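Atom set for the values below is all heavy atoms of this structure, side chains included, hydrogens, waters and symmetry mates excluded. Keep in mind it's a predicted model, so treat the numbers as computed, not measured.
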Amino acid sequence: MRLTGLPLIALAGSGALAALALTIRFWSRGGRRRRLLTRTTGVLCVQILAVAAVALAYNRAQTFYPSWSDLVAEGSAAAPPPPPPAAAGPADPAPTSLAWAGAPVQVSAPAGYATRSPVRFPVIVVLGGPEHLPPVPDAVVVAVSPPAGTRASALAPVITGLQRRARVTEHGWVLLTDDRHQRLAKQLSAGSSFASAPVVVTGGRWEAALTEAADRLPAPLAKPVVP
Amino acid sequence: MTIDGTATIVAGVVITLLATVALAFFWDRRAVAGRILLAVLAILPLAATSALQANRLTATYESWSALFGGSAQAASLTSSLPPASRPRPGGGRLLTVTVPGEASGLSLTMGVYLPATYDTPAGADQRFPVIEALHGYPGSPSTWIRRLNVVRVLDEEIAAQRMAPTVVLFPYQTPRRLLDTECTNLTGGPQSETFVTADVAAYAAEHLRVRTDRESWGLIGYSAGGYCAMNLALRHPERYAAAASLSGDAKPGITIGDKSENTTNNIGWRLQNLPPPRIALYVSWAADDSQSRTGSSLVARLARPPIALTTAELARGGHSHALWRRMEAPAFDWLSAHLARPRTA
């Protein structure tokens, strides 16, 4: 019988009424000992069934526990925690470049990247930056200067290639661009990996822009628990 | 004897039994007035024990003084915790503070979880991201602490590096335990929205080493707190970057006083009538909980970019603490992945 079904509520409710009627009917029957027994048993039955009917009806209205197994689960201890990720395995360095037909793609991994498996790192994508950028703590930097007229879809293999070859997060990325690649940057940042609008870097302030971008990134994290 | 101990419930059952036996035993020896008294004495402990068990499930009143003191001023959220809820060596700390709400005029108790790193030399020059954890109705910060064992969950997720070290705040959302505010500013009533957003943030900025930019502030809540989390993030994208809802509805289900429960405090209306803000939403529910499923899936259906939406539907679990104990670690992990990292000064 279903925990939230009407039959069970009706059973408890009519049971309470029947118990009440029987208790009244036999209230003064028999000797002292028998009266004590029937009255105590009868009143207890009325109490238990009445509380059960009210609780069942309220549970049905609010669907706290839709099934018997949910009710049993409430009393049990919390599920054991998922195990922490395995201790750091063999060194797993990041690639230093990615193959792309449009232009060279440089990948710069943060200090400690290779030994921190299974932790994954957020990404700063740099469009049109200088040739050599300083590494950024706890973030992977990908730098490319796409030729004029490049569309966002043409750059998609760079992003998927990075996700395949490096331990990077799926989202929370930041995009820095020079003023020449603004349109491309806007298209790219509409993708699900990017958490915010692109930052346009002017006057060659790349180092400051990288520091600011890193400050907005999430921490490097292991894969989340799945419910 | 604690208000939510097993011994208290057992005592209530025993008293009910004794009163019932007394009713049966003394009935014939008493006149009408005496019999009425006997009947009342049998019903009262039954009603009281039922109420205590209901309170035990929701942790609305975590102590006798909270019940009889009348206000939402818990002396301590951390005293006499059951073993599974207690902070452990090597884990984070739990504080009880009072937030003097200058903007809202509410002065309420708040639980504060400080991650283990907060007290280490390395953490001394760091400012941490913040998650505000909102309780359901009826409920209290103690529901998170005592029923959902949140301290242990946070310790484990942070130790496993699925979560960055984060300061987690557990504010009361109402000055009266049985007044359902849904974290809104009630017309002629408590200004809960102002308290939970402005006052809590002002307190944290002044007293805790936390980041204050929106990129590092998130919300989480179960049941009514889930609605609160989604609604407040949508209303205050300048304060919050992400929100996670466990079994939250799309509407408050109360009368706010300015009819905003049908408009600006109704998530469905907001998503259909106002431009969506750039926030991340995590919406989770159990498929067998019809009300949350309806509300949560409505939010999921209406959320458009730039809202970044993640959904998680569990097949079973209803609207229960057992469900939220399964949901909370994934939701905290998701939040941390959508909030900015601790900042080193």
Side-chain angles (χ1 to χ4, degrees), chain A residues 27-28 32 35-44 47 50-51 54-55 59 62-67 69-79 81-85 116 118-119 122 137-138 169-172 190 192 195-197 214-227, chain B residues 16-17 20-21 23-25 27-28 42-43 46 50 57 84 129 148-149 152-153 156-157 159-165 213 215 241 278 280 284 286 288-292 305 308 312 314 316-323 325-327 329-331 333-334 336-344:
Chain A
W27 189 257
S28 297
R32 262 185 70 184
R35 284 206 304 267
L36 183 64
L37 192 70
T38 49
R39 287 174 184 182
T40 308
T41 317
V43 172
L44 278 180
Q47 288 174 332
V51 168
V54 171
N59 182 54
Q62 302 286 330
T63 54
F64 295 124
Y65 311 108
S67 69
S69 59
D70 295 325
L71 187 64
V72 173
E74 184 66 74
S76 63
R116 287 179 65 186
V119 161
D138 287 349
T169 58
E170 281 157 25
H171 52 75
S192 61
S196 54
D215 185 62
R216 282 157 52 199
L217 293 177
L221 295 172
K223 273 196 181 177
V225 183
V226 180
Chain B
T16 307
L17 269 172
T20 307
V21 173
L23 168 74
F25 188 76
W27 184 267
D28 293 331
I43 292 170
L46 177 73
S50 305
L57 287 174
L148 302 181
N149 302 330
R152 199 204 63 195
V153 170
E156 281 165 3
E157 296 316 294
Q161 297 189 62
R162 292 185 289 258
M163 218 183 142
D213 53 329
E215 269 73 27
R278 185 153 204 149
S284 61
D288 59 1
D289 171 13
S290 53
Q291 195 178 333
S292 306
L314 278 73
R316 313 183 69 90
H319 201 73
S320 64
H321 298 105
L323 173 75
R325 282 196 292 266
R326 280 197 280 148
M327 282 178 164
D333 292 355
W334 177 91
S336 197
H338 286 79
L339 297 178
R341 58 185 59 183
R343 175 186 282 162
T344 305

Practice prompt. Go through the atoms of Ser336(B) and report whether side chain, backbone, both or neither lie under 4.5 Å from a heavy atom of chain A.
Written response: both

Item to complete: Measure Val226(A) against the heavy atoms of chain B and call it side chain, backbone, both or neither at under 4.5 Å.
Response: backbone

Item to complete: Examine distances only and state if a side-chain atom of Arg341(B) and a backbone atom of Leu217(A) form a donor-acceptor pair shorter than 3.5 Å.
Response: yes

Practice prompt. Sort Pro122(A) into side chain, backbone, both or neither according to what part of it lies under 4.5 angstrom from a heavy atom of chain B.
Written response: side chain

Worksheet item: In chain order, what residues pass the side chain to side chain donor-acceptor pair (under 3.5 Å) check against Arg316(B), with sequence neighbours excluded?
Response: Ser67(A)

Worksheet item: Hey, which of Ser69(A), Pro224(A), Gly42(A), Pro66(A) has the most heavy atom pairs under 4.5 Å with chain B?
Response: Pro66(A)

Worksheet item: Rounded to the nearest 0.5 Å, how far apart are CZ of Arg39(A) and OG of Ser28(A)?
Response: 5.0 Å

Discussion item. As an exercise: rank Ile43(B), Asp28(B), Leu148(B), Thr344(B) by heavy-atom pairs under 4.5 Å with chain A and give me the winner.
Written reply: Asp28(B)

Worksheet entry | Asp138(A), part contacting chain B, at a heavy-atom distance under 4.5 Å | both

Worksheet item: Rounded to the nearest 0.5 Å, what separation is found between the NE2 atom of His319(B) and the CG atom of Asp70(A)?
Response: 12.5 Å

Discussion item. If we define contacts as heavy-atom pairs under 4.5 Å, which of Ser320(B), Pro330(B), Ser284(B) has the most with chain A?
Written reply: Pro330(B)

Discussion item. With rounding to the nearest 0.5 angstrom, report the OG1 to CH2 distance, Thr38(A) to Trp27(A).
Written reply: 8.0 Å

Worksheet item: Which atoms of Ser50(B) come close to chain A, meaning under 4.5 Å heavy atom to heavy atom: side chain ones, backbone ones, both, or neither?
Response: side chain

Practice prompt. Could you list the residues that satisfy side-chain contact (heavy atoms from CB on, under 4.5 Å) with Leu57(B), not counting sequence neighbours?
Written response: Tyr65(A), Glu74(A), Gln53(B)

Item to complete: Tell me, for Ala241(B) versus chain A, whether the close heavy atoms (under 4.5 Å) come from the side chain, the backbone, both or neither.
Response: neither

Discussion item. If we define contacts as heavy-atom pairs under 4.5 Å, which of Arg35(A), Lys223(A), His171(A), Gln62(A) has the most with chain B?
Written reply: His171(A)

Worksheet, complete the sentence: The reported gap from CG in Asp288(B) to CG in Leu314(B) (rounded to nearest 0.5 angstrom) is 9.5 Å

Worksheet item: Of the backbone (N, CA, C, O) and the side chain (C-beta and beyond), which part of Leu46(B) lies under 4.5 Å from a heavy atom of chain A, both, or neither?
Response: side chain

Worksheet item: Using non-hydrogen atoms only, which part of Ala337(B) is less than 4.5 Å away from chain A: side chain, backbone, both, or neither?
Response: both

Response to the item:
Output for pair (Asp333(B) CG, Arg162(B) CZ), nearest 0.5 Å, gives 6.0 Å

